Amino acid sequence: MAGASRTEGLLLLGLGFLPMASAAVDSCIVYNRGEEPVAETALDEVWGWVVVVGFGIFFTLLTIGVTRAQESVEGATMSSEAFNTGGRNVGPGLTAAVIVSQWTWAATLLMSSNMGWRVGISGPFWYASGATVQILLFAVLAIQVKRRAPHMRTFMEVVKARFGTTTHCVMICFALLTNCIVTSMLLLGGASTISDLTGMSKIWAAFLIPLLSCWIYTMHGGLKATFFASYVHTTVIFLMLIIFSLIVYASPGDSSSLYGSPSKVYNGLEKASIQAFFSATQSKEDFGTGGYFSSLGSYIQNDGTCYSSSATALEKSCSFKMLAKDEWCCSSDVAVTGDGHYCRASTKDCIDVSETQHFESSDCDFGAGERCVTSFLTMGSPSGLLFGITNIVGNFGTVFVDQSYWQSAVAAKPKSAVKGFLIGGLVWFAVPFCMATTTGLAGRALTMHPELGPAYISAAASGAGLTPARVLSKVMGSSGAFILLLQLFMAVTSTGSAEIIAVSSILTYDIYYTYLNPELKGRRDGLRLIFQQAVVAFDESGRVAVSSVQALLDALVKARFFEKSVPVEELGRLTSALDSFTVDGSIATKDLYAALNRVVSSNSHEGAILLRVSKFFTAVFAIFMGFLAVFLQTLGFSLGWVYMSMGVIIGSAVGPACLTILMERANGLFISAGAVGGLALGLSGWCIQAQLDSGEISYDSLGQDWPWVVGNLCAILGGFFISGVGSLIFPDTTFKWEMLNERIPLVDDIEPPKDDEETDEKLSKQVKLAIGASLTLTLILLVIWPLPMHGAAGVFSEGGFMAWIVLELGWAIIAGCVIVILPITEIVSDFRQAKKVSKERATQAVQITKASKAVLKDGQELTITVTAEVKLEKEEVAI
């Protein structure tokens with residue numbers, strides 16, 4: 001049965017956009033070795049190359065130009081810290097745009113539409129809400145990162161600083177595995193759809209997108225360049241999204257009256273349901289002779305309405321319940337194989353969907369010819385709810401264990417972190433909600449198009465992510481195919497660049513800097529020790545008086561903290577930093593060290609080495625991305641299968657990652673045990689449930705709803721339980737949050753000065769805001785809004801569906817305006833401020849150069865002069 005189903009799926013997929021009739025095949029075509037059938041595509045192959053190569057180069061040049069303009073205005077040069085953290089001063093608008101861009105995968109556009117096609121309006125909602133709450137809740141972690149570990153580049157550095165090598169290595173494995181899964185999702189969906197739209201080779205698309213469209217500008221401008229690119233990509237994605245929605249729900253449509261307004265789509269979905277229950281389901285005697293309807297089992301348990309024998313809706317609600325896998329409605333000798341035709345019992349309203357799935361309804365008067373017809377126009381969908389649970393649990397891993405989101409938190413200003421993630425989450429909700437409600441529902445309605453036939457979009461094609469392509473190619477022609485291609489390209493490249501810089505940061509700081517070349521870190525630790533010993537004589541309650549700064553510098557010179565004299569230009573930057581940190585005539589000791597740390601790094605090779613290594617690793621992972629995608633294509637894994645399985649594989653690390661930054665007494669042994677043990681529980685639950693449901697453990701049995709739900713829940717709950725309970729029973733009482741910054745020193749940068757809104761007291765209020773807002777919004781999106789509708793709303797009327805579409809369009813338009821306008825105002829404001837500061841620095845530099853001295857605001861002149869005697873002493877110590 002599984003083999004037949006997959007064969008049929010490949011047949012339907014291979015036919016591309018050609019209308020597929022249900023007529024029997026009475027001949028075959030023989031191909032020579034190496035030849036393949038050529039599918040008709042909506043666009044010529046050249047358009048695939050134009051987008052992948054041409055637009056890739058165009059957006060690369062655009063991003064590089066913006067990055068260079070910023071560097072020119074700010075008068076700054078690239079450092080290893082800036083490359084991986086974006087300067088740690090990004091505002092809430094750009095942070096939100098980055099979150100939207102990073103979280104908009106190819107799967108967001110493709111698989112959300114698949115859920116709309118499969119189960120109706122509940123699919124888009126559960127996809128959107130189930131993947132929004134993670135971003136909202138991550139706001140809590142983001143603000144704690146800014147409070148407790150503002151020096152971090154990767155969240156594994158916090159793990160290493162707290163728990164040591166073993167736990168560090170375990171979490172590195174889970175983090176890199178997460179990046180690989182996200183990358184495979186991007187390229188599997190992106191390459192498949194580009195190939196389906198244009199005929200371009202999937203292999204070429206998978207290789208060229210990371211290299212030409214992601215790597216070059218990421219390697220040139222680092223994290224800040226990916227942020228600028230993400231803003232452009234998000235703008236394009238929302239523009240296309242609104243265009244699609246207006247075409248489907250506010251246009252003339254065509255003669256089929258299946259799209260063009262909410263009422264037309266509503267009628268099209270009703271026709272599809274009638275096709276499923278009146279034409280595609282036949283008695284045992286007539287089985288296989290009726291019409292075709294794909295994937296009846298995906299929505300047969302939805303809320304429905306009783307229909308008369310003449311297919312007229314009655315005022316009676318109904319639904320189907322699943323029977324045991326051996327309770328046949330017809331008989332086991334009827335071959336219910338493949339997808340499209342179903343057997344109905346002659347004595348009761350009972351339907352065999354497959355060899356193991358049988359459903360019965362007793363709500364309608366079957367003796368009077370009534371039949372229960374379930375609907376796509378309802379939130380009452382058990383399949384949709386099950387998907388929602390899997391989606392919620394599975395996506396925690398791809399946010400909380402993905403370094404790119406921690407990097408976004410690091411890059412944000414302390415006061416921007418919470419707002420950025422909350423705005424980003426609410427804006428992102430509109431992307432899958434709007435996309436799937438538009439193309440998913442229209443795709444199901446178009447299976448009733450007289451020119452296309454009911455097999456125009458099959459379960460195999462939709463599961464491969466092809467629903468948007470086929471819908472837009474029909475309703476907009478080649479222009480629709482092209483703008484979908486461009487939208488998909490934006491989604492793939494924006495997240496792809498974020499994954500490249502995330503992996504580069506892990507490989508650079510957690511592997512190279514920590515294990516492959518620890519001498520670099522050892523030198524930094526030695527200098528910090530020298531500073532700590534020298535500052536004792538000047539420190540008063542964690543602060544150093546400005547009047548004592550020069551004396552401290554002299555002491556550091558004698559202690560051989562500096563390798564050589566610091567030129568007056570660099571001293572000018574030091575005085576600027578110290579002036580910005582000065583409060584009431586004193587400077588916090590940690591801020592003083594951070595400023596000196598930057599001066600020291602300018603005289604060393606540490607920062608330069610790490611910058612070169614970071615750029616090298618961006619190239620390594622960009623090339624690896626292509627190989628990974630081709631490997632998965634060769635294995636035959638579908639986009640939907642990988643998407644639903646990812647929570648089982650990486651969900652166990654969610655609890656350990658959270659407790660690392662939230663629980664001061666977390667125990668490192670149980671943090672690593674939670675990640676590994678949760679994985680074992682998740683895999684066991686996944687396989688056991690598949691065996692119980694299907695009697696076997698196979699690709700197909702593992703790809704069912706309940707095995708995914710059980711596996712995902714076992715993984716995430718197991719990880720939380722082991723790490724949380726273990727840490728409560730055996731707490732680590734030696735660690736304090738204040739130790740983190742000491743154990744994670746900055747390399748060649750300083751923290752941006754905090755303003756009046758970023759005091760510890762104000763940031764504590766931000767924590768409360770993050771907790772309150774994220775939990776409230778999560779409760780609304782997962783409980784208050786959907787569950788009453790799931791339990792009691794029934795099938796939408798035409799007016800109810802109209803209101804739903806108005807809500808969808810309104811959310812998309814408002815979200816689009818926010819995410820386009822807010823970041824650009826911030827960027828312009830930041831450019832103006834940077835230009836002003838740059839002029840002030842230039843003026844100060846000229847004054848310093850003319851005066852040949854660097855002076856603090858209080859009039860104190862600073863000098864750092866390393867004499868020949870000190871150099872000689874240092875060389876003798878080295879010998």
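These values consider heavy atoms only, across backbone and side chains, with no hydrogens, waters or symmetry-generated copies. For clarity, every value in this text was computed on a predicted model and none was experimentally measured.
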Pairwise side-chain contact, [X] with [Y], heavy-atom cut-off 4.5 Å (strictly under):
| X | Y | answer |
| --- | --- | --- |
| Met802 | Ile805 | no |
| Phe489 | Val236 | no |
| Val710 | Pro707 | no |
| Leu441 | Trp117 | no |
| His341 | Ser279 | no |
| Leu446 | Val471 | yes |
| Glu451 | Lys474 | yes |
| Leu137 | Leu775 | yes |

Q) Can you tell which of Tyr249, Tyr266, Phe433 makes a ring-ring contact (aromatic ring centres under 6.0 Å, His included) with Trp804? A) Phe433
Q.
Under the rule for salt bridge (charged side-chain N to carboxylate O under 4.0 Å, His left out), what residues qualify as partners of Asp363, not counting sequence neighbours?
A.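 Scan of Asp363 (salt bridge (charged side-chain N to carboxylate O under 4.0 Å, His left out), adjacent residues dropped) gives none.
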Q: Give the C-alpha distance, both sets of side-chain angles, the deciding distance and a yes or no for side chain to side chain contact (heavy atoms under 4.5 Å, CB included) between Tyr307 and Ile274.
A: CA-CA 9 Å; Tyr307 274 66; Ile274 292 172; 3.9 Å; yes
Q: Give a yes or no on this: more than 12 heavy atoms of other residues, nucleotides or ligands lie within 6.0 Å of atom CH2 of Trp47.
A: no
Q: Can you establish whether the number of heavy atoms outside Lys321 located under 6.0 Å from its atom NZ is more than 12?
A: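 Atom NZ in Lys321 is not crowded, with 12 or fewer foreign heavy atoms closer than 6.0 Å.
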Restricting to side-chain hydrogen bond (donor to acceptor under 3.5 Å, both in side chains), what partner residues turn up for [X], sequence neighbours left out?
| X | answer |
| --- | --- |
| Thr390 | none |
| Thr104 | Trp428 |
| Thr467 | Ser462 |
| Thr437 | none |

Q. Between Leu197 and Leu484, is a side chain to side chain contact (heavy atoms under 4.5 Å, CB included) present by the stated rule, with each step listed?
A. CA-CA 9 Å; Leu197 287 171; Leu484 174 65; 4.1 Å; yes
Verify, without hydrogens or angle tests, whether [X] (side chain) and [Y] (backbone) share a donor-acceptor contact under 3.5 angstrom.
| X | Y | answer |
| --- | --- | --- |
| Asn712 | Val393 | no |
| Trp328 | Lys325 | no |
| Arg344 | Thr281 | no |
| Asn267 | Ser263 | yes |
| Asp352 | Tyr342 | no |
| Arg470 | Tyr456 | yes |
| Ser319 | Gln301 | no |
| Thr378 | Gly794 | yes |
| His358 | Ile351 | no |
| Lys264 | Pro252 | yes |

Q) Name the one of Ser113, Ser245, Ser112 that satisfies side chain to side chain donor-acceptor pair (under 3.5 Å) with Thr439? A)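 Output: one option passes, namely Ser113.
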Q.
Tell me whether the NZ or CZ atom of Arg371 lies within the 45° cone about the ring axis of Phe278 and under 6.0 Å from its centre.
A.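 Yes, Arg371 sits over the ring of Phe278.
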With distance as the sole criterion, is a donor-acceptor pair present between the side chains of [X] and [Y] under 3.5 Å?
| X | Y | answer |
| --- | --- | --- |
| Asp254 | His449 | yes |
| Ser383 | Ser381 | no |
| Ser458 | Ser294 | no |

Q.
Can you confirm if the aromatic rings of Trp708 and Phe387 lie within a centre distance of less than 6.0 Å?
A.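 No - the distance between ring centres of Phe387 and Trp708 does not fall below the 6.0 Å cut-off.
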Please list, chain by chain and in numerical order, all residues satisfying side-chain contact (heavy atoms from CB on, under 4.5 Å) with [X], sequence neighbours excluded.
| X | answer |
| --- | --- |
| Ala815 | Phe238, Val427, Ala430, Trp811 |
| Lys316 | Cys306, Asp365, Glu370 |
| Leu782 | Trp126, Ser129, Val133, Ile392, Thr778 |
| Ser101 | Ser230, His233, Thr234, Ser494 |

Closest approach of [X] to [Y] (non-hydrogen atoms, all atoms of both residues):
| X | Y | result |
| --- | --- | --- |
| Ala445 | Val265 | CB-O, 4.3 Å |
| Ala491 | Leu109 | CB-CD1, 4.0 Å |
| Gln134 | Asn391 | NE2-O, 3.8 Å |
| Gln487 | Leu241 | NE2-N, 3.7 Å |

Q) disulfide (SG to SG under 2.5 Å): which pairs involve residues 777-819, sequence neighbours left out? A)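 Qualifying pairs: none.
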**Q.** Counterpart residues, disulfide (SG to SG under 2.5 Å), relative to Cys372 (two or more places apart)
**A.**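 Only Cys318 meet the disulfide (SG to SG under 2.5 Å) criterion with Cys372.
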Q | SG-SG under 2.5 Å, Cys329 vs Cys350 | A | yes
Q) With sequence neighbours excluded, what pairs up with Phe320 under the ring-ring contact (aromatic ring centres under 6.0 Å, His included) test? A) Phe277
